[in-house]
Structure formats: C-alpha cells, structure tokens
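All remarks here apply to the structure that follows.
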Amino acid sequence: MRIKVKAIIGSTSSTSYNLKLVEYMKSRYADQLDITPVFINELEMFSVDLESNVPANVKEFKDNVKDSDAVLFAVPEYNFSIPGALKNAIDWLSRGGDFTIKDKPAFIIGSSMGVLGSVRAQIHLREILSNPALSPVLLPGNEVYIGSVHEKLNEAGELIDQGTIGFLDQVVHNFIEFYHKNKAAALV
C-alpha cells in the first residue's frame with residue numbers, strides 16, 4: 001500500500017524549483033508514495049477575525065492536508081527564512097482545534113539556487129513546527145538541502161544530478177521505514 005503524502009509547496013512561484021522536485025519525487029517514488037502537491041497561493045491571510053467564519057479556500061486546504069498519511073514540506077529560502085505565504089499556511093494549520101498535522105509523520109526538503117539549499121529556512125521551519133498545536137512527527141537526521149538546484153535539473157525540470165538522486169533515494173527509503181515504525185508504534 002502506498003503512503004498518501006500531501007506535499008505543501010512553500011513557494012507561490014509558477015516556476016518553483018521545489019515544486020519541480022516534488023513532481024520529480026511523485027514520479028520517481030510512485031510505487032511507494034502517492035504524492036499530491038498542495039498549493040498555498042490563494043489562501044486568505046490568517047486573522048483571528050476570520051476564525052469564526054473560516055474562508056472556504058482555507059477549509060479546503062486544511063481538509064486536503066488532513067486527508068493524508070504523511071506530509072512533505074517543500075521549502076525555499078526567502079531572506080534567510082521561510083516564505084511569508086508558507087508561514088501563513090502554517091498559521092492556518094495551527095488554528096481551529098482540529099490539529100491538522102499533529103502526530104502526522106512528516107519530512108522536509110528544500111532547494112535554492114544558492115549553495116546552502118534552504119538550510120536557514122528549514123531551521124526556522126523545524127522550530128515553527130515544534131509548536132504543540134502543530135507537532136508533526138518529523139523524520140530526524142535526514143535533512144535535504146539541495147543547493148545550486150538550477151544546475152541539477154534538466155530543461156524538463158527533472159533531477160539529473162546522480163549524487164542528489166542517490167541521497168534523495170536514501171532519505172525517501174528512511175522516511176518509509178520511519179513511517180511504518182511510527183504506524184506500528186501507534187497501534188501498540
């Protein structure tokens with residue numbers, strides 16, 4: 001049985017390298033993971049004033065993410081942190097008392113044209129996700145920072161750098177094992 005993964009795309013760009021990576025992963029690991037990109041482009045800005053009447057697109061976003069076995073965060077780095085749109089999406093995930101991603105297995109990938117491959121953004125994202133209202137169960141010790149990503153993709157947007165592919169294969173393998181261990185532990 002394939003693991004149903006909702007991949008939150010942290011960029012709103014139509015040419016997002018992180019979206020290209022998720023699409024590559026969707027194809028490469030289709031026999032093990034059912035990856036569906038989830039977009040945050042149209043989400044209303046979070047406000048406590050809207051919580052009593054949650055906008056339809058926010059409800060749809062939260063329901064979409066909740067209807068998964070696991071979550072993948074695909075995060076770029078903007079000004080040494082996560083994009084504002086991703087922070088807004090996470091703010092919505094933390095509200096409403098439904099604990100949309102609490103205890104859900106999750107992992108993070110990130111890329112950038114710079115050499116650090118979103119390392120600072122991922123540090124901030126991990127800190128944000130440690131909030132008890134969020135608290136997914138993050139895959140430990142498998143950070144995916146793909147630097148100089150524009151040099152590792154072909155014109156079709158497919159990952160072609162063999163070292164990066166091998167590393168991503170190992171991380172996905174580790175995540176699948178991690179997912180099954182967490183699922184088994186939850187049954188005890």
Side-chain angles (χ1 to χ4, degrees), residues 1-41 65 68-87 89-90 101 104-130 136-183:
M1 184 173 131
R2 296 187 311 161
I3 301 167
K4 187 191 315 186
V5 179
K6 297 299 172 89
I8 298 175
I9 308 302
S11 171
T12 59
S13 170
S14 62
T15 60
S16 166
Y17 288 117
N18 288 285
L19 174 57
K20 289 175 184 178
L21 286 171
V22 166
E23 291 292 348
Y24 173 81
M25 291 174 70
K26 178 179 180 174
S27 173
R28 182 165 181 88
Y29 309 113
D31 60 329
Q32 302 164 67
L33 303 175
D34 178 13
I35 298 175
T36 304
V38 177
F39 300 94
I40 59 175
N41 304 36
V65 173
S68 66
D69 301 319
V71 178
L72 169 62
F73 292 90
V75 60
E77 185 169 306
Y78 292 3
N79 295 314
F80 294 6
S81 191
I82 66 171
L86 180 57
K87 177 64 168 76
I90 292 169
I101 61 174
K104 201 173 280 268
F107 65 121
I108 302 171
I109 64 164
S111 69
S112 71
M113 292 175 66
V115 296
L116 297 179
S118 81
V119 67
R120 293 172 289 224
Q122 289 191 44
I123 290 168
H124 291 166
L125 179 58
R126 287 177 188 282
E127 184 176 343
I128 292 164
L129 293 174
S130 71
V137 184
L138 288 173
L139 174 67
N142 286 264
E143 287 79 14
V144 179
Y145 311 120
I146 303 174
S148 303
V149 67
H150 59 293
E151 298 173 359
K152 297 175 180 172
L153 300 171
N154 64 19
E155 289 183 17
E158 300 162 329
L159 193 58
I160 56 171
D161 182 78
Q162 291 306 309
T164 304
I165 292 169
F167 178 72
L168 198 54
D169 286 348
Q170 186 61 54
V171 169
V172 168
H173 171 78
N174 293 346
F175 178 74
I176 291 168
E177 284 188 349
F178 174 77
Y179 171 83
H180 288 298
K181 284 179 187 173
N182 276 283
K183 188 174 179 182

Quiz item: Do Pro105 and Leu139 have side chains that get closer than 4.5 Å, going by heavy atoms?
Solution: no

Quiz item: Which pairs with one or both residues in residues 116-130 pass salt bridge (Lys or Arg N to Asp or Glu O under 4.0 Å), sequence neighbours excluded?
Solution: Glu77-Arg120, Arg126-Glu143

Quiz item: Does Tyr78 have any side chain to side chain contact (heavy atoms under 4.5 Å, CB included) partners at least two apart in sequence or in another chain, and if so, which?
Solution: Ser11, Pro76, Pro83

Practice problem: Identify the heavy atoms of Leu125 and Ile90 that sit nearest to each other, and give their distance. | Solution: CD1-CD1, 3.4 Å

Exercise. Output the distance between atom CG (Leu19) and atom OG (Ser111), rounded to the nearest 0.5 Å.
Key: 10.0 Å

Quiz prompt | Ser68 side-chain N/O to Val65 backbone N/O, donor-acceptor pair under 3.5 Å | solution = yes

Quiz prompt | Minimum-distance pair of heavy atoms, taken over all atoms of Gln122 and Ile108 | solution = OE1-CG2, 3.3 Å

Self-check item: Qualifying residue for side-chain contact (heavy atoms from CB on, under 4.5 Å) with Tyr17, from Ile146, Val22, Val149
Solution: Val149

Exercise. Quick one: list whatever passes side chain to side chain contact (heavy atoms under 4.5 Å, CB included) with Thr36, sequence neighbours left out.
Key: Lys6, Asp34

Practice problem: Calculate, to the nearest 0.5 Å, the distance between atoms CZ and CG belonging to Phe80 and Leu116 respectively. | Solution: 8.5 Å

Quiz prompt | Residues which pass ring pair (Phe, Tyr, Trp, His ring centres under 6.0 Å) with Phe107, listed by chain and number, not counting sequence neighbours | solution = Phe175

Self-check item: Counterpart residues, side chain to side chain contact (heavy atoms under 4.5 Å, CB included), relative to Asn79 (two or more places apart)
Solution: none

Practice problem: Mind jotting down which residue pairs meet the salt bridge (Lys or Arg N to Asp or Glu O under 4.0 Å) criterion with at least one end in residues 15-29? Sequence neighbours excluded, please. | Solution: Arg28-Asp169

Quiz item: Looking at residues at least two apart in the chain, or sitting in another chain, which of them share a salt bridge (Lys or Arg N to Asp or Glu O under 4.0 Å) with Lys183?
Solution: none

Exercise. Would you mind reporting whether Leu129 and Ile101 have side-chain heavy atoms less than 4.5 Å apart?
Key: yes

Practice problem: Determine the sole option in Val5, Ile176, Leu168 for which the side-chain contact (heavy atoms from CB on, under 4.5 Å) test with Tyr29 is passed. | Solution: Leu168

Self-check item: Sequence-distant partners of Tyr179, ring pair (Phe, Tyr, Trp, His ring centres under 6.0 Å), two or more places apart
Solution: none

Quiz item: Do Ile40 and Leu86 have side-chain heavy atoms sitting under 4.5 Å apart?
Solution: yes

Self-check item: Non-hydrogen atoms of Ala106 and Phe178 that approach each other most closely
Solution: O-CE2, 4.5 Å

Exercise. Look at the side chain of Lys152 and the backbone N and O of Ile165, then say whether any donor-acceptor pair between them is shorter than 3.5 Å.
Key: no

Exercise. With sequence neighbours excluded, tell me which residues meet side chain to side chain donor-acceptor pair (under 3.5 Å) with Glu158.
Key: Asn154

Quiz item: If you round to the nearest 0.5 Å, how far is CG of Leu21 from CG of Leu72?
Solution: 9.5 Å

Exercise. Name all residues meeting the salt bridge (Lys or Arg N to Asp or Glu O under 4.0 Å) criterion together with Asp69; count only those two or more places apart in sequence or in a different chain, and write none if there are none.
Key: none

Exercise. May I have the step-by-step check of side-chain contact (heavy atoms from CB on, under 4.5 Å) for Ile3 and Gln32, ending in yes or no?
Key: CA-CA 6 Å; Ile3 301 167; Gln32 302 164 67; over 6 Å; no

Quiz prompt | side chain to side chain contact (heavy atoms under 4.5 Å, CB included) partners for Ser112, two or more places apart | solution = none

Self-check item: Asn41 CG to Ser14 OG distance, which is reported to the nearest 0.5 Å
Solution: 9.0 Å

Self-check item: Val71 backbone acceptor or donor facing Lys104 side chain under 3.5 Å
Solution: no

Quiz prompt | For Lys87, all residues meeting salt bridge (Lys or Arg N to Asp or Glu O under 4.0 Å), sequence neighbours excluded | solution = Asp91

